[in-house]
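Below you'll find the structure, written out as structure tokens, and then a few comments.
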Amino acid sequence: MLYYEFRPEARAKCNMQSNFRRFGGIGLTFIDFLDVDHTETVTLSQAIQNSSEEVSASQDLENEANVLFGNIQGTVVGLRYYTGVVNRGEMVSLVREPQNPYDRNAVMVANVYGSQVGHIKKELAAAMAPIIDGKLAKIEGVVPYGETNKFSMPVILSFWGKEENKNSVLNMLSRHGYKLGPSSGGKAYLSGGQTPQGFLAPSKRLNAVPLTPEQLKGAFDKLFDDLMEDKTREMEPAEAVHTPLLPHQKQALHWMTTRENNNDLPPFWEQKSNLYFNVLTNFAVRERPERVRGGILADDMGLGKTLTTIALIVSNFHNGKPLPLEKSATSDGHSKALQSKRPHEDPATVEDVEQSAVPKKKAKTTKKDKASTSKGTVLMDDLGFAAALGGLTSDGGSKKKKAKKKSSAVASLPLESSSSARATLILCPLSVLSNWLDQFEQHVRVDVKLNVYLYYGAERCRDTDFLAGQEVVLSTYNILSSDFSSKASSPLHKVSWLRVVLDEGHVIRNPNALQSRAVLNLTTERRWILSGTPIQNSLKDLWMLLSFLKLKPFDVKEWWNRVIQRPVTQGDSEGLQNLQALVKGITLRRTKASKVAGKQVVELPDRKVFVEHVTLSEEEQREYDLAKMEGRNVIGRYVKEGTVLTNYADVLAILVRLRQLCCHPRLLGSYAGTGESSTPSELRERLVSKVRLVLGSGSDEECAICLDSLRQPVITYCAHVFCRPCICEVIRSEQEHAKCPLCRSQIKTRELVEYPGEEEDSFSADGKDKWQSSSKVNALMSSLLALRGEDGSIKSLVVSQFTRFLTLLEVPLREHGFTFTRLDGSMNQKSRAKAIEEFQDASPGSPSIMLLSLKAGGVGLNLTAASHVFLMDPAWNPAAEDQCVDRCHRLGQKRDVVITKFIVKDSVEENMVKIQKKKKDLVEKAFGAKSVQDKRQSRIDDIRALMEL
DNA sequence: ACCGCCGGGTGCC
DNA sequence: ACCGCCGGGTGCC
């Protein structure tokens with residue numbers, strides 16, 4: 001028998017159901033069924049896993065474009081051989097079983113939890129198999145009634161697919177004598193929605209009024225609003241938190257603590273007599289569905305998500321009791337967080353940490369002694385050790401578990417009952433790493449010894465016992481994914497964590513990305529996502545978050561798609577209500593405008609935006625006009641030919657050039673032009689230079705496959721850029737016939753060219769004789785000089801997408817005696833932290849200006865020392881500008897914030913601002929019912945508008 | 001399965 | 001009797 005990865009919880013469920021189904025839950029030992037059941041269940045869950053992965057990889061793009069071909073009633077047979085139960089109106093999934101020894105057409109039927117219910121009877125399976133295998137349609141099932149039948153039950157099958165495949169599907173079915181029934185009013189055969197009787201009242205569904213796109217957008221904007229009810233109770237943090245919490249932070253702490261400790265059922269689960277019932281899928285289980293211990297803290301940036309999280313860590317170890325912490329002598333107090341901080345910077349401190357905390361036997365005993373003597377404070381030292389052991393055993397030894405059936409059933413109980421986990425793992429983008437360290441230092445009392453270990457840098461300690469013994473381990477998504485992908489086993493994946501916190505958690509929204517998979521594979525009791533923008537582009541983003549939170553059954557894509565995503569994107573108001581309820585149950589979101597007891601959550605100083613129009617000098621204008629003429633000719637030709645997207649790299653290059661000319665004529669990078677290139681290395685060089693020009697300019701390009709920001713960008717020979725994982729998936733699924741999703745030319749994995757990152761460019765601005773200013777530089781300088789004249793203590797952010805522009809600006813800044821610092825994407829963690837620290841320092845002589853690249857660091861950065869922001873060039877994405885401004889317009893800002901946008905008159909920049917405005921109104925931005933085609937078209941429209949074509 | 005199907009027993013009413 | 005009818009055995013793919 002095949003033996004795949006063993007999942008204890010799957011078997012526990014299986015046992016429960018076998019008892020339930022066959023013996024009404026009356027105690028018969030589990031053992032009788034184990035040998036039969038669990039091997040099958042394991043292969044089964046594997047099969048389901050495989051099939052859903054395939055769908056998500058190759059078909060997901062089309063998913064939203066799928067239409068309902070129709071419904072058909074079929075029969076599920078062989079019920080008595082399996083343990084999976086279904087309820088009236090319950091959704092089931094259909095899984096092809098091509099290896100079935102009796103019938104190669106076999107189609108297996110499984111319930112929401114993945115337990116097999118039966119098979120589709122063979123005549124129908126014979127008709128379905130080629131349709132499923134040929135990916136001509138996706139078939140979904142609902143059991144309308146007859147759920148108590150012993151031998152077979154009816155199932156309503158809905159066929160979904162691309163319009164162009166409809167006829168061949170109908171033909172294939174009719175060849176076997178089947179005919180699709182009417183698709184009741186354009187809707188699938190849906191399960192009731194709220195009751196098992198829902199099926200009996202399908203007319204109710206027909207009356208559901210579909211929402212208009214505008215209503216949908218409105219509903220979406222409101223999705224996270226009004227989440228405040230019942231979330232206004234406050235909780236005081238543990239003593240160890242030094243900073244007093246604001247009322248809304250105490251509310252968040254109470255809410256988070258409650259979410260970690262309480263026993264509420266997850267959303268949409270109800271208890272009915274002795275069963276637990278999911279009202280959306282109509283699935284029921286006898287055992288209590290595992291609650292979601294955690295959720296999404298989606299407060300606006302600046303409301304103190306970091307502080308609240310620190311308070312949670314310290315205040316809710318178990319059941320609302322604070323984390324037991326050793327008090328350290330005040331004289332030694334400074335070592336609190338510092339001792340474990342940045343070990344790669346200071347090897348000496350690493351030694352210190354390891355000696356005191358690594359559980360080498362000797363160190364351990366001394367620590368225990370200390371614990372037993374320290375007054376009242378229990379140091380739960382060995383718990384961490386046990387947790388690490390637990391992690392190890394659950395990892396290996398699956399074969400043994402098979403032999404020791406009964407005991408493993410006990411071991412498969414949820415962690416919480418016997419939890420020994422102590423440590424919280426915090427993952428964040430590199431840019432906010434130092435912020436976390438600062439905040440721990442700032443907010444935790446000096447005389448409390450909280451072990452915060454920074455798992456970062458080449459010298460990081462990989463000892464799992466040591467890691468599990470910390471109170472907090474802080475690391476980045478990059479470190480986690482590189483550990484996860486390396487051959488050696490990943491230490492962070494071996495620890496059983498008390499809690500995992502994903503800071504800026506929306507970064508895991510692309511399920512293809514390595515870091516997403518790495519995060520999903522962590523073992524933890526409680527899970528939190530911190531994100532000011534949980535949904536970036538589309539509803540799909542939310543799925544990954546739910547998947548991380550293990551919100552059953554939505555962690556499985558099929559159920560998410562069927563129950564939430566498709567209904568919502570198709571404008572079903574009930575679907576939207578469900579989504580709303582779902583989000584409400586697990587999210588806390590306040591904006592700066594939210595009110596607590598009638599008072600604004602945060603009283604922030606004013607913020608004003610001024611647009612300063614810049615007029616180019618005659619010479620600059622001449623150069624710009626020339627470039628614009630050329631560009632219009634080229635792009636105009638592409639538009640006429642309909643080849644804008646085929647030549648997208650050229651188009652972007654032209655646009656970048658114009659934007660650069662608006663800033664400074666010397667910004668122009670080397671550009672290899674559009675001519676023919678003969679040798680592969682020349683071609684490669686050209687591709688790289690094109691893409692470098694575009695990506696290096698700071699424009700936030702998206703991958704046309706995941707429609708998300710590029711990760712690990714690669715360039716195809718046809719000069720289109722995608723995330724490596726995304727395009728590789730396309731090539732893998734289409735094999736030799738793989739075509740570029742943008743221009744349909746042939747692509748091959750080995751022809752993908754890696755984007756080498758920012759050029760170490762020889763470009764410098766020091767040669768004074770060569771220096772010349774530009775109109776925009778002049779505009780900035782006169783503003784800065786005037787500001788210095790008014791009030792020398794004012795600090796400013798000077799923001800551009802072009803790092804070269806920042807470099808150019810250094811010259812006049814020096815010339816006029818400004819002290820400045822700089823933060824851009826090319827800097828490592830250490831120099832970033834230094835730049836921020838210097839800038840935030842208020843003492844005289846500290847820098848008054850920070851040169852900031854728009855994309856550097858993304859959100860979370862705290863630059864409250866600045867109260868003026870100069871946006872040197874407009875961004876494609878207005879949200880990026882807002883985020884940038886929010887770095888100083890946030891909690892801690894004392895002055896009114898003044899934002900100055902420099903826009904060159906009659907240029908692409910002005911057109912970009914127009915497009916920005918339009919985009920803000922666009923429904924598309926709100927929710928992703930928009931197809932890839934539409935997105936492509938709107939890109940072309942944008943370009944035409946920019947070039948006034 | 002209170003079915004359909006198979007195959008053996010049986011054969012006026 | 002190369003049928004019909006009866007009733008027991010049986011049952012996914």
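Model, not experiment: these values are computed from the prediction. Numbers restart at 1 for each chain; the letters A, B, ... are given by sequence-line order, proteins then strands.
Checked by distance alone, A/Tyr81 brings no side-chain donor or acceptor within 3.5 Å of a matching partner on the base of C/dC13. For A/Asp103 against C/dC13, no side-chain N or O and base N or O form a donor-acceptor pair under 3.5 Å.
One C1' atom belongs to B/dC6, the other to B/dA1, and the distance between them is 15 Å to the nearest Å. If you take atom C1' in B/dC2 and the same atom in C/dC13, they sit 26 Å apart, rounded to whole Å.
What separates OH of A/Tyr82 from P of C/dG11 is a distance of 15 Å, to the nearest Å. Atom pair A/Gln116:CD and C/dC12:C1' shows a separation of 10 Å (rounding to whole Å applied). When rounded to the nearest whole Å, the span between CG of A/Asn149 and P of B/dG4 equals 13 Å. As rounded to whole Å, 10 Å separates atom P of C/dC12 from atom OH of A/Tyr102. Here the C1' atom of nucleotide C/dC13 and the NE2 atom of A/His119 are 4 Å apart, to the nearest Å. Atom CE in A/Met153 sits about 14 Å away from atom P in B/dA1, given to the nearest Å. Residue A/Lys150 contributes atom NZ, which lies 14 Å from atom C1' of B/dC3 at whole-angstrom precision. Rounded to an integer number of Å, the gap from NZ of A/Lys121 to C1' of C/dC13 is 13 Å.
By the neighbour-count criterion of 12 heavy atoms within 6.0 Å, atom CZ of A/Arg104 is sparsely surrounded, having that number or fewer from other residues, nucleotides or ligands.
In this structure the side chain of A/Val117 never reaches within 4.5 angstrom of the side chain of A/Val85, judged on heavy atoms. No side-chain heavy atom of A/Ser516 sits under 4.5 Å from any side-chain heavy atom of A/Pro511.
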I'd like to know whether A/His119 forms a side chain to side chain donor-acceptor pair (under 3.5 Å) with A/Glu97, so could you lay out the CA-CA distance, the side-chain angles of the two residues, the decisive distance to 0.1 Å, and finally the verdict. CA-CA 10 Å; A/His119 282 103; A/Glu97 225 176 30; 2.9 Å; yes
Derivation and outcome, side chain to side chain donor-acceptor pair (under 3.5 Å), residues A/Asn263 and A/Arg291: CA-CA 7 Å; A/Asn263 253 322; A/Arg291 62 203 152 123; 3.3 Å; yes
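Stacking of A/Phe151 onto the six-membered ring of C/dG11 is not present when judged by under 5.5 angstrom between centres and under 30° between planes.
For C/dC13, the OP1/OP2 oxygens have a side-chain nitrogen or oxygen of A/Lys122 closer than 4.0 Å. Phosphate contact (OP1/OP2 of C/dC12, side-chain N/O of A/Arg80, threshold under 4.0 Å): present.
In textbook terms, a nucleotide whose glycosidic angle is within 90° of 0 is syn, and C/dA1 is one such case.
Pairing for B/dG9 is with C/dC5, a Watson-Crick or G-U wobble pair whose two hydrogen-bonding atom distances lie under 3.5 Å.
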